[in-house]
K.L.:
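First the structure, then my questions, so here it is.
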Amino acid sequence: MIDINLIRSDKAGVAAALAKRGYTAELDGILDLDAARREIIGKTEALKAEKNKVSADIPRMKKNGEDVQPVFAKMREIGEQISASDEKLKTIEDELRHNLLCLPNLPDADVVAGGKENNAVIKIYGEKPSFDFPIKNHVELCESLKLIDYERGVKLAGNGSWLYTGRGAVIEWALLNYFIKTHITDGYTFVLPPHMLNYECGLGAGQFPKFEDDVYRVDTAEDGAARRFMLPTAETALVNIYRGEILEEKDMPKKLFAYTPCYRKEAGSYRAEERGMIRGHQFDKVEMVQVTTPDSSKAAFEELVGKACALVEGLGLHYRLSKLAAGDCSASMARTYDIEVWIPSMGIYKEVSSVSNANDYQARRNMTRYRDGNGKIGYVHTLNGSGLATSRILPAIVEQYQNRNGSVTVPEVLREFVGTDVIK
RNA sequence: GGAGAAGUACCCAAGUGGCUCAAGGGGCUCCCCUGCUAAGGGAGUAGUUCGGUAACACGGAGCGCGGGUUCAAAUCCCGCCUUCUCCGCCA
């Protein structure tokens, strides 16, 4: 959520920043609501102050045997004005809050305007592997090596679902272990959160109200705690752990990671060329999150990018790191770097990790704050990064590590978990 | 799913409609006395949030959450959430 004070003081600046993502903001409407809100608060509170004052007098008047009926009549009138006023205020505040919740985050100053086409590659690791034989794509490899059963996956759950079998499941699990082990070594706290989250989590993470339809709802109730959904990423859970809390600066940063499957509808996004596990309704991901003070969030961002890169490099995969243009960053994020790994059969790079800094955007939504050494309270910064998503790593591995005879060499870091050097 | 009990500030806790716009205690902070791994006396202590102000002042909200009744609600009524105890169900 964008600070209303910033919109008040620098409307043009906010509009310009949002324009970088191609978003046209209705800031005048918001400012009108804001002004209306403050005006009505002033009126209502004057009435309430009067009510409190008179109320305090009533017991005394009664004691002295004075006639309180005229006072009652007047108070009833004030009471009616107050409730009318409060009702109006609630309507205004609801609308104001909704409008603010729908505004995307302000991109950082150094994030360039525009969409995908303006993304900038800032690092390339390794080289495109060259093959002196006709390569197979990951679907062919996974089928022939019996790593993935696509057809039976569809039988169980429909299009966009697959079944890891045997060595496929082992490699998947090995990847997760490799990631988990690394994060623990780096001092991050391992979290296994619930997969069904309440509505507030979606709001706090910035996915709701805009992307409500992109998640799987598990309760049909329209409101209340029963309105739960399957998390689309562990970020949704992790950034809400401290929702509504005031952290002590000395206990920060919070460095967390979680493993969860991610559940997504991906409606309309399935493309013919993205066969196999490139995009599915359920995929595994290890997610990193940091909760920091504003001063340390930039350094934390670099740390997360470094960690994500190190994981892919550890696997020996050719990838590129891109700094996304404003329009390609997700709505909640001020900056995002993507790690894209080379998929030989497609001849393109595919995202396997996305590291982002939300600044205080999520913290303002879910009221996550911290108290510094002087007792001053401020909003935290939240950062997240995949470390990593396996559904695209596994295809990249089998494709980049494939051999002439159809076997796949197991990356060295996974061998202790897989128990073999080559999958035949 | 059913029955019962509970939810008050950092912690414990009193409080069945009005000098309680939350008593008392613990803890914490400061002061006094004492003088050193004691003990005693006194004062302060509602965090937060919203409006307001240059900053103060000042005012509103706030007793799990949301409504309602009333001139007035921690207190009465309704709905919900959470915790505990018991029962039922349990792939």
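So that the names make sense, note that chain A is the first sequence line, chain B the second, and so on, each numbered from 1. Reckoned from all heavy atoms, side chains included, excluding hydrogens, waters and symmetry mates.
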K.L.:
Ignoring hydrogens and geometry beyond distance, is a side-chain donor-acceptor pair present between A:Thr368 and A:Asn366 at under 3.5 Å?
P.N.:
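Judged by distance alone, the side chains do pair up.
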
K.L.:
Regarding A:Tyr188 and A:Gln290, is there a side-chain donor-to-acceptor distance under 3.5 Å anywhere?
P.N.:
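Their side chains do contain a donor-acceptor pair, which is all the 3.5 Å distance test asks for.
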
K.L.:
Rounding to an integer number of angstrom, what distance separates B:rU69 and B:rG17 when you compare their C1' atoms?
P.N.:
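Taking atom C1' in both B:rU69 and B:rG17, they lie 12 Å apart.
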
K.L.:
Starting at NZ of A:Lys90 and ending at C1' of B:rG68, how long is that distance when rounded to a whole Å?
P.N.:
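The answer, rounded to whole Å, is 15 Å.
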
K.L.:
Please give the distance between the C1' atoms of B:rU85 and B:rG62 as a whole number of Å.
P.N.:
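It comes out at 31 Å once rounded to the nearest Å.
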
K.L.:
On the nucleotide B:rU48, are OP1 or OP2 found under 4.0 Å from the side-chain N or O atoms that A:Arg369 carries?
P.N.:
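For B:rU48, neither OP1 nor OP2 has a side-chain N or O of A:Arg369 closer than 4.0 Å.
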
K.L.:
Show the numbers, then the answer: is there a side chain to side chain contact (heavy atoms under 4.5 Å, CB included) between A:Asn137 and A:Leu141?
P.N.:
CA-CA 6 Å; A:Asn137 67 38; A:Leu141 287 162; over 6 Å; no

K.L.:
To the nearest Å, how far apart are A:Arg364 CZ and B:rC50 C1'?
P.N.:
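These atoms are roughly 15 Å apart.
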
K.L.:
Looking only at atom P, what distance separates B:rU75 and B:rC63, rounded to whole Å?
P.N.:
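Result for the P pair: 8 Å, nearest Å.
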
K.L.:
Please determine, for the side chain of A:Arg38, which listed nucleotide (B:rG52, B:rG60, B:rU48) has the closest atom?
P.N.:
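Closest nucleotide among those given: B:rG52.
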
K.L.:
Taking atom P of B:rU48 as reference, at what distance in whole Å does atom OH of A:Tyr379 sit?
P.N.:
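These atoms are roughly 13 Å apart.
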
K.L.:
Roughly, in whole Å, what's the span from CD in A:Glu200 to C1' in B:rC81?
P.N.:
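From A:Glu200 CD to B:rC81 C1': 11 Å.
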
K.L.:
If you compare every side-chain N and O of A:Asn52 against the phosphate oxygens of B:rA61 (OP1, OP2), does one of them come in below 4.0 Å?
P.N.:
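Answer yes for this pair, as a side-chain N or O of A:Asn52 is under 4.0 Å from OP1 or OP2.
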
K.L.:
Could you give the distance separating B:rC89 and B:rC12 at their P atoms, to the nearest angstrom?
P.N.:
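The answer is 36 Å between these two P atoms.
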
K.L.:
Checking base pairs now: Watson-Crick or wobble, both atom distances under 3.5 Å. What partners B:rU53?
P.N.:
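The base-pairing partner of B:rU53, which may sit in any strand shown, does not exist here.
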
K.L.:
Scan side-chain atoms only and decide if A:Ser332 and A:Asn105 contain a donor-acceptor pair under the 3.5 Å cut-off.
P.N.:
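The criterion, which ignores hydrogens and geometry beyond distance, is not satisfied for A:Asn105 and A:Ser332.
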
K.L.:
Expressed in whole Å, how much space separates the C1' atoms belonging to B:rU8 and B:rU20?
P.N.:
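Taking atom C1' in both B:rU8 and B:rU20, they lie 13 Å apart.
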
K.L.:
Compute whether any side-chain donor of one residue and acceptor of the other, for A:Gln362 and A:Glu235, lie under 3.5 angstrom apart.
P.N.:
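Side-chain D/A pair, A:Gln362 to A:Glu235: present.
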
K.L.:
Rounded to whole angstroms, how far apart are CG on A:Asp57 and P on B:rC21?
P.N.:
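Rounding to the nearest Å, CG of A:Asp57 and P of B:rC21 are 13 Å apart.
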
K.L.:
How do A:Gly42 and A:Lys48 order along RNA chain B: which one's closest nucleotide is nearer the 5' end?
P.N.:
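Result of the comparison: A:Gly42.
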
K.L.:
Sort out the partner of B:rC84 for me: Watson-Crick or G-U wobble, both distances under 3.5 Å, none otherwise.
P.N.:
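Result: B:rG4.
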
K.L.:
Which base, if any, makes a Watson-Crick or G-U wobble pair with B:rC76, both distances under 3.5 Å?
P.N.:
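B:rG68 - that is the nucleotide pairing with B:rC76, both distances being under 3.5 Å.
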
K.L.:
With a 4.0 Å cut-off on heavy atoms, is A:Ile78 in touch with a base, just the backbone sugar-phosphate, or nothing at all?
P.N.:
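Answer is nothing: A:Ile78 stays at 4.0 Å or more from every strand.
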
K.L.:
May I ask which nucleotide in the shown strands pairs with B:rG44, Watson-Crick or G-U wobble, both distances under 3.5 Å?
P.N.:
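B:rC28 is the nucleotide pairing with B:rG44.
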
K.L.:
Let me know the distance between OH of A:Tyr199 and C1' of B:rC81, rounded to the nearest Å.
P.N.:
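Rounding to the nearest Å, OH of A:Tyr199 and C1' of B:rC81 are 19 Å apart.
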
K.L.:
Give me the distance, rounded to whole Å, that separates B:rC28 from B:rC11 when you measure between the C1' atoms they each carry.
P.N.:
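After rounding to an integer number of Å, I get 11 Å for this pair.
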
K.L.:
Give me the distance, rounded to whole Å, that separates B:rA57 from B:rU49 when you measure between the P atoms they each carry.
P.N.:
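Approximately 16 Å lies between the P atom of B:rA57 and that of B:rU49.
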
K.L.:
For the pair made of CE in A:Met367 and P in B:rU49, what is the distance, rounded to whole Å?
P.N.:
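In whole Å, B:rU49 P lies 6 Å from A:Met367 CE.
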
K.L.:
CG of A:Asn359 to CG of A:Asp108: how many Å apart, nearest 0.5 Å?
P.N.:
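Here the rounded value is 5.0 Å.
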
K.L.:
Using a 4.0 Å cut-off on protein heavy atoms (strictly under), produce a 5'-to-3' string for nucleotides 70-77 of chain B with B for base contact, S for backbone-only sugar-phosphate contact, and - for none.
P.N.:
-BS-----

K.L.:
What interatomic distance, in whole Å, is found between P of B:rU82 and the corresponding atom of B:rA72?
P.N.:
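That atom pair is separated by 32 Å.
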
K.L.:
Could you please name the option among B:rG52, B:rG47, B:rC50 that lies closest to any side-chain atom of A:Arg371?
P.N.:
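Shortest atom-to-atom distance from the side chain points to B:rG47.
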
K.L.:
Can you tell me if A:Thr236 and A:Thr233 form a side-chain donor-acceptor pair at under 3.5 Å?
P.N.:
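Distance-only check fails for A:Thr236 and A:Thr233.
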
K.L.:
Roughly how many Å is it from NZ in A:Lys53 to P in B:rC58, rounded to a whole number?
P.N.:
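Answer to the nearest Å: 13 Å.
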
K.L.:
Does A:Lys250 count as lying over the ring of A:Tyr370, i.e. NZ or CZ under 6.0 Å from the six-ring centre, within 45 degrees of the axis?
P.N.:
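Pair A:Lys250/A:Tyr370 does not count as cation-pi.
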
K.L.:
Measure the OG-CG distance between A:Ser356 and A:Asn384 for me, rounded to the nearest 0.5 Å.
P.N.:
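Answer for the OG-CG pair, A:Ser356 versus A:Asn384, is 5.0 Å.
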
